[in-house]
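Have a look at the structure below before the remarks.
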Amino acid sequence: MADNKGVMIFVEVIDGKLTNIAQELLGAGRKLANDLSEELSALIVGSGVANIAPEAIAYGADKIYVVDAPLLKDYRTDAYVAVVEKVVKQVNPRILLLGQTTIGRDLAPRAACRLITGAILDCIALDIDTATKQLLITKPVYGGNARAVYSMETLPQVATVRAKAMTALVPDSSRKGQVVIVDAGLDPAAIKTNVLQKVVAETTGIKLEDASVVVTGGRGIGGPEGFKQLEELAKVLKGAVGATRPPCDAGWAPDTIQIGLTGKIVSPYVYIAVAVSGASQHMAGCSGSKNIIAINRDAEAAIFKEARFGVVGDWKKIIPAFEAKVKELQSK
Amino acid sequence: MDFDYNDEQKMLKQGAREFFEKECPKSLVKQMMEDEKGNPPELWKKMSQLGWLGLIYPEKYGGGDGNMIDLIALEEEMGRACLPGPFLSTVLLSGLFILHNGSEEQKKEILPKIAGGQLILTLALTEQSDSYEASAVSVEAKAEKDDYIIDGTKLFVPDAQIADYIICIARTKKGDKPEDGLTAFLVDRKTPGITITLLKTLAGDKLCEVVFNKVKVSKKNIIGKLDQAWGPLQQTLQQVKIAQCAEMVGGAQRALELAADHAKKRIQFDRPIGSFPVIHHLIANAMMDVDACKFLTYEAAWKFSEGMPCAKEIAMAKAWTGEAYQRTAAMGHQVLGGIGYTLDGEMHLYFRRAKSGELTLGDGKFHREALAKELGM
Amino acid sequence: MLWAPGLLGGLTGGVQGPIIMQHGTPEQKKEWLPKIAAGAQFALGYTEPNAGTDLASLQIRAAKDGNDYILNGQKMFSTGAHNARYHWLAARTNPEMPKHKGVSMIIADLTAPGVTVTKLTTIAGDRTNEVFYDNVRVPQTNRIGPEGEGWNITRSALAAERGDLGTFPWPKILVDELIQYAKETKRNGKPLSEDPQIRQTLAQLSMDVSVLRLFGRRLNYMIEKNQDISWSAPFSKIFESELSQRIANQGMNIMGLYGQLEQGSKYAKLKGHIELAYLTMVVRSFGGGSNLRLRSDIATRGMGLPREPQLAMPVKK
Amino acid sequence: MNMIVCIKQVLDPEAPLSSFKIDPATNTMVPVTSVPFVISPFDEQAVEAALKIKDAKGGKITVISLGVNLLRDVVKKPLSLGADELILLEDPAFIGGDSWSTAYALAAAIKKVGQFDLIFCGRQAADSDSGQVGACIAEILGIPQVSVAKKVEAIDGKVKVDKVTTDGYEVVEVPTPALITVSNELGEVRFATFKGTMASKKKEPIIWKPADIGAEPAKIGAAGRRIKTRKLFQPVRDSKCEIIGGETDEDKAANLAKKLVEVKLI
């Protein structure tokens with residue numbers, strides 16, 4: 001398929017809005033398209049999503065393909081793969097990018113397999129090899145201990161991109177673009193997946209991904225009571241509480257606040273890591289933080305290698321005293 | 001003899017490692033050092049459900065039909081985890097003594113309950129004279145109709161504070177030799193006249209003073225033959241020592257790993273301290289020392305499980321392992337410096353246990369002397 | 001001498017066969033394996049005046065000339081070279097390459113023109129040799145393994161040698177002799193074996209001998225299973241050489257004044273073995289690679305400790 | 001209920017970073033003797049998901065793994081937990097593959113097994129972190145998939161899956177046969193009983209070579225790769241951490257608060 005051209009972004013929409021990751025992907029896609037001197041297109045799939053097109057154009061897309069059908073209301077693998085297959089075969093992009101999200105990680109490998117090409121998931125950097133026009137895809141491997149750079153000869157080159165790895169453009173509502181409506185052409189009988197229920201975990205206070213201060217507890221917190229203490233501190237700092245994987249697995253903290261390779265990716269202004277050793281699997285979820293503050297009693301813990309400020313000591317003594325002092329200073 | 005465990009034993013060992021990492025973290029170990037009971041009941045129950053408490057017993061007594069090599073594979077991981085609780089006293093000292101010497105009725109009554117985690121037992125042998133020799137047993141049991149009356153004080157009895165039964169080794173006859181005239185009684189701990197005092201120990205393991213003040217025990221509660229407990233008891237102790245060596249092997253191996261890990265991470269003079277030849281030498285010596293422990297223990301266990309004579313091998317394993325574990329943990333403290341000495345650290349747990357392990361069931365000197373006898377000297 | 005032939009045998013035999021099996025060409029196997037089987041004597045040629053355990057510093061040159069190499073340089077401590085026919089030699093075939101890369105393994109004929117073997121005597125009275133090469137011609141077909149791979153091949157050879165050194169039976173023989181001696185010898189009217197201190201010492205040495213035996217058997221086990229022995233092979237060598245010294249030293253203490261009598265002397269006990277061992281065994285902690293260096297190897301390879309950083313110093317000319 | 005679980009043997013991902021080394025010449029990780037091999041943790045959870053269904057409904061669990069030098073004491077673990085059969089695709093031709101060529105071989109083996117209702121995979125392997133093999137197998141076999149499950153329930157010809165999403169979970173239903181990838185949210189995995197471990201001795205693995213599963217040589221292992229590894233490297237960490245001191249932990253805490261206010265972080 002030597003006539004493959006352009007970069008296509010699979011755009012996710014939540015509650016009628018372009019998601020952050022979609023904005024970031026459009027920013028990254030714009031740059032790649034410029035490097036290739038080719039077009040940047042966006043694929044919007046869903047039910048009642050056509051009105052998103054102008055926003056996607058404002059964020060950098062040249063051409064928008066909209067597949068809008070009631071059957072596409074919920075993400076269902078079989079339906080979405082069929083749609084992606086149809087549009088990609090019609091447009092023949094050189095590159096197809098998706099977000100490393102619940103949808104992207106499910107859709108990308110299956111769609112790539114069907115299109116007889118390869119995919120790389122959870123990338124953090126994308127470049128063009130100018131000699132071959134191939135996409136060079138950087139991805140953390142070995143639980144974040146190493147990075148690999150991959151490429152592929154098959155087209156389109158499919159990749160999913162980790163949240164916050166790319167930067168969105170400043171939206172420009174004066175940008176012009178073309179909108180193409182594509183018929184889903186789905187046979188309802190071929191869709192075997194049913195979404196019975198969606199359960200949203202309750203979150204109190206500030207959403208973890210949006211918080212400018214995150215207080216995270218690790219294995220060393222030792223139990224659910226400790227997380228209550230961290231919540232208090234987070235309240236004082238107007239932030240949110242996160243956790244590494246072990247406390248979530250142990251049930252001390254809900255799964256939805258897990259930060260790391262297999263959890264959420266956050267990049268707050270201040271990240272306070274309490275009794276967190278700094279394993280690569282966890283750092284994969286927070287290394288984008290602007291200022292990491294480590295509190296750990298093991299002076300040799302890896303977290304200190306990533307931190308700007310560190311305190312070596314027992315968090316049980318440090319956290320209450322820290323909270324008290326912060327309150328005192330805030331009241332002045 | 002194999003220098004490696006077979007696949008299933010490796011699986012048992014790895015599974016035990018993961019289990020203890022999760023269920024027996026060092027915070028629990030430290031808590032149990034302070035705790036009077038010293039045995040977290042949930043952990044004991046889970047070990048029972050995994051079939052570990054009955055591993056070494058035959059299936060007909062609720063056991064797993066495991067052999068000595070299976071047992072030491074598990075013991076290594078218990079040592080690595082610094083497992084608290086009465087495994088040695090209940091499952092090994094008492095359970096094995098009953099298995100090898102008890103009546104069919106006693107075995108059917110007690111062993112399944114040990115395997116099932118419902119009964120805690122201990123064996124009371126040592127006294128104030130601080131010796132594992134037969135001559136050191138002075139607690140007396142005098143016949144009175146269908147009963148015996150036990151009188152005297154046992155010391156350094158492990159886990160007596162939580163035991164349901166105590167197997168008391170008492171003198172029933174003054175024979176020509178001190179080995180003659182000793183009998184094993186299965187005593188309900190709640191029998192009137194028993195007073196138990198918990199002693200404070202180096203490793204936080206639970207050693208007790210058990211005072212028998214005219215304690216009445218039925219003749220039916222004799223385990224094995226009247227007046228002839230000493231020989232069978234020695235055989236059980238031999239088997240227990242092999243298991244205990246394996247526990248120390250696991251601890252020593254972990255102490256070595258902790259030291260090596262620290263040496264790789266700790267930066268001084270702009271390089272990891274592990275790159276200094278002096279640290280290489282400490283670690284290399286400990287590697288050889290720990291391997292020596294392993295192979296001596298494996299050889300003893302193998303000969304035992306093959307039914308071959310192994311008194312020499314057991315003496316060597318116990319003498320070497322006790323001392324080498326202590327050397328290794330002391331080396332660990334040297335490498336870790338101040339961090340190892342804080343109570344937050346783990347090294348001190350191994351350092352404490354190394355010494356208590358060395359002293360329990362006979363130290364290096366005791367076993368070198370035993371070996372000298374075996375060598376015909 | 002009880003152990004000296006064993007000592008030499010260990011250094012000269014048993015190493016080459018497995019290496020030729022592993023690295024040799026079919027022709028080389030055909031040529032050398034029958035010769036080794038028939039008892040051809042090899043002397044080892046690793047050490048040089050400026051290269052001890054650090055084989056990478058060796059300087060003996062093997063320059064290509066047609067189908068031959070021309071050897072020039074000197075080897076030291078080549079034990080048995082005065083009796084052996086062949087020299088198992090590490091030589092520098094490419095001086096341009098980094099020091100680990102330019103070394104090849106070559107079998108030289110010690111009777112070839114240009115070879116001079118001169119005697120060196122150790123403090124124990126053992127003979128070892130210096131071997132000088134002056135434009136000695138060796139066919140390139142005598143190179144074992146690829147050119148420049150000598151370092152790797154040598155490492156496996158040294159591992160074999162270090163394991164081999166450890167499997168000797170004589171520490172056990174000596175300890176058994178000492179136990180017998182203690183049982184039979186009375187001091188102040190009591191057998192030595194009743195002295196608690198001596199009982200403890202001999203029991204400990206006897207344990208040590210068991211550990212040595214187990215180290216040797218474990219090594220064989222690992223070789224059979226094709227496991228990496230590079231770090232465990234030295235266990236035997238270190239342990240045995242140091243145990244030998246302990247046996248000799250403590251044996252002397254047990255035997256008291258008699259311990260110092262040489263074999264053949266009036267009143268000498270145990271054929272003077274302990275006296276000879278006392279002198280001989282000191283050598284063993286540095287033969288086949290110094291124990292200090294081996295300990296670093298063990299810790300770095302076996303436990304993954306970092307190596308000591310190399311100082312950037314110019315190689316001596 | 002016939003179930004198949006795909007597992008991968010990996011170097012222990014919990015091993016300390018200090019034992020992690022890369023050979024830049026071959027772009028591969030250098031195995032260190034002190035780091036053991038284990039079953040990739042998400043794959044263990046996949047085994048657990050299958051065992052839970054077997055507990056509830058009965059059935060047969062066949063475990064498949066692919067590689068060379070697969071350590072029996074590692075890959076036999078599912079047998080000790082209650083799986084029934086172990087198939088090893090053990091041949092040098094199978095290794096060096098990417099997600100696609102690995103999935104191709106596994107799918108071929110699954111076709112040879114024949115009868116199956118559910119296939120379980122871990123959400124991603126702990127070494128490559130690729131996370132695609134499950135989806136590729138499902139695509140090759142033409143069956144539905146559900147990714148990142150935390151709960152799996154089998155109900156007559158259907159499977160109900162709690163699928164983890166960013167802010168909670170979705171309950172998804174698909175007809176069987178289907179493929180499910182399993183995540184750590186499934187919860188704790190069981191430990192083998194002593195009897196289970198010893199019983200696994202009698203279950204010898206079945207070894208299949210490429211020809212046994214009718215795999216085209218050009219599509220398996222390194223030959224079948226679509227993805228090329230250009231480079232593997234370790235990121236450099238060079239942050240300079242300022243350690244806040246103090247007499248006691250409380251002092252350190254107060255000093256930290258002062259410092260953070262001073263540099264306007266809070």
Side-chain angles (χ1 to χ4, degrees), chain A residues 77-78 101-102 105-106 109-110 113-114 117-122 136 140-143 145-152 154 192-201 237 245 249 255-256 261-262 270 280 291 294 302 304-314 317-318 321-322 325-326 329, chain D residues 13 17 20 22 29 98-100 123 126-132 135-136 138-140 144-145 147-148 164-175 183-185 188 226-235 237 239 241-244 249-250 252-254 256-261 265-266:
Chain A
T77 312
D78 28 21
T101 60
T102 304
R105 70 158 62 100
D106 184 78
R110 182 124 192 190
C113 199
R114 185 164 301 175
T117 181
I120 297 295
L121 269 53
D122 199 20
L136 298 178
V141 290
Y142 291 103
N145 280 328
R147 304 264 185 279
V149 181
Y150 296 110
S151 66
M152 65 190 99
T154 51
K192 304 222 167 98
T193 314
N194 263 318
V195 179
L196 303 180
Q197 194 190 355
K198 288 189 185 188
V199 181
V200 177
L237 296 171
R245 196 179 135 181
D249 284 357
D255 292 328
T256 44
L261 184 71
T262 57
V270 177
S280 303
N291 296 285
F304 289 111
K305 294 197 170 67
E306 313 257 353
R308 181 172 169 200
F309 297 108
V311 180
V312 180
D314 182 358
K317 292 186 184 133
I318 292 169
F322 177 68
K325 188 73 187 176
V326 169
L329 293 171
Chain D
L17 186 61
F20 188 89
I22 285 169
M29 188 175 163
D98 59 9
S99 304
W100 192 83
R123 59 179 280 179
D127 49 3
S128 61
D129 284 325
S130 148
Q132 303 189 62
C136 291
E139 174 64 20
I140 295 168
Q145 79 195 43
S147 308
V148 196
V164 178
T165 59
T166 321
D167 49 4
Y169 66 95
E170 279 176 10
V171 185
V172 175
E173 192 180 65
V174 289
S183 187
N184 57 292
E185 283 87 350
E188 290 169 2
R226 291 174 182 175
I227 304 295
K228 191 170 148 191
T229 306
R230 297 280 191 107
K231 199 169 139 192
L232 187 68
F233 62 100
Q234 275 183 278
R237 303 175 177 203
S239 158
C241 182
E242 183 183 330
I243 298 289
I244 309 292
D249 282 352
E250 286 80 2
K252 291 176 194 168
L256 175 68
K258 278 188 252 171
K259 186 76 188 186
L260 296 187
V261 170
L265 287 189
I266 56 174

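Letters A, B, ... mirror the listed sequences (proteins, then strands); counts begin at 1.
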- Between D:Glu250 and A:Lys325, is a side-chain contact (heavy atoms from CB on, under 4.5 Å) present by the stated rule, with each step listed? CA-CA 10 Å; D:Glu250 286 80 2; A:Lys325 188 73 187 176; over 6 Å; no
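- Both the backbone and the side chain of A:Ser151 come within contact range of chain D, with heavy atoms under 4.5 Å apart.
- In this structure the side chain of A:Val141 never reaches within 4.5 angstrom of the side chain of D:Asp127, judged on heavy atoms.
- With a 4.5 angstrom heavy-atom cutoff, D:Ser128 touches chain A only via backbone atoms.
- Note on D:Glu170, D:Glu139, D:Glu242, D:Glu188: by heavy-atom pairs under 4.5 Å with chain A, the leading option is D:Glu139.
- Using a 4.5 Å cut-off between heavy atoms, A:Leu329 contacts chain D through its side chain alone, with no backbone atom that close.
- At least one side-chain heavy atom of D:Trp100 sits under 4.5 Å from a side-chain heavy atom of A:Cys113.
- Contact annotation for A:Leu237: only side-chain heavy atoms (C-beta onward) come within less than 4.5 Å of a heavy atom of chain D.
- For D:Lys258, the parts sitting under 4.5 Å from any heavy atom of chain A are the backbone and the side chain alike.
- Contacts between A:Thr101 and chain D at a heavy-atom distance below 4.5 Å are absent for every atom of the residue.
- With a 4.5 Å cut-off on non-hydrogen atoms, A:Asp106 touches chain D through its backbone and its side chain both.
- Residue contact with chain A, scored on non-hydrogen atoms closer than 4.5 Å, involves the side chain of D:Ile22 exclusively.
- Both the backbone and the side chain of A:Ile120 have a heavy atom closer than 4.5 Å to some heavy atom of chain D.
- Only the side chain of A:Val270 comes within less than 4.5 Å of a heavy atom in chain D; its backbone stays farther off.
- Using a 4.5 Å cut-off between heavy atoms, D:Ile266 contacts chain A through its side chain alone, with no backbone atom that close.
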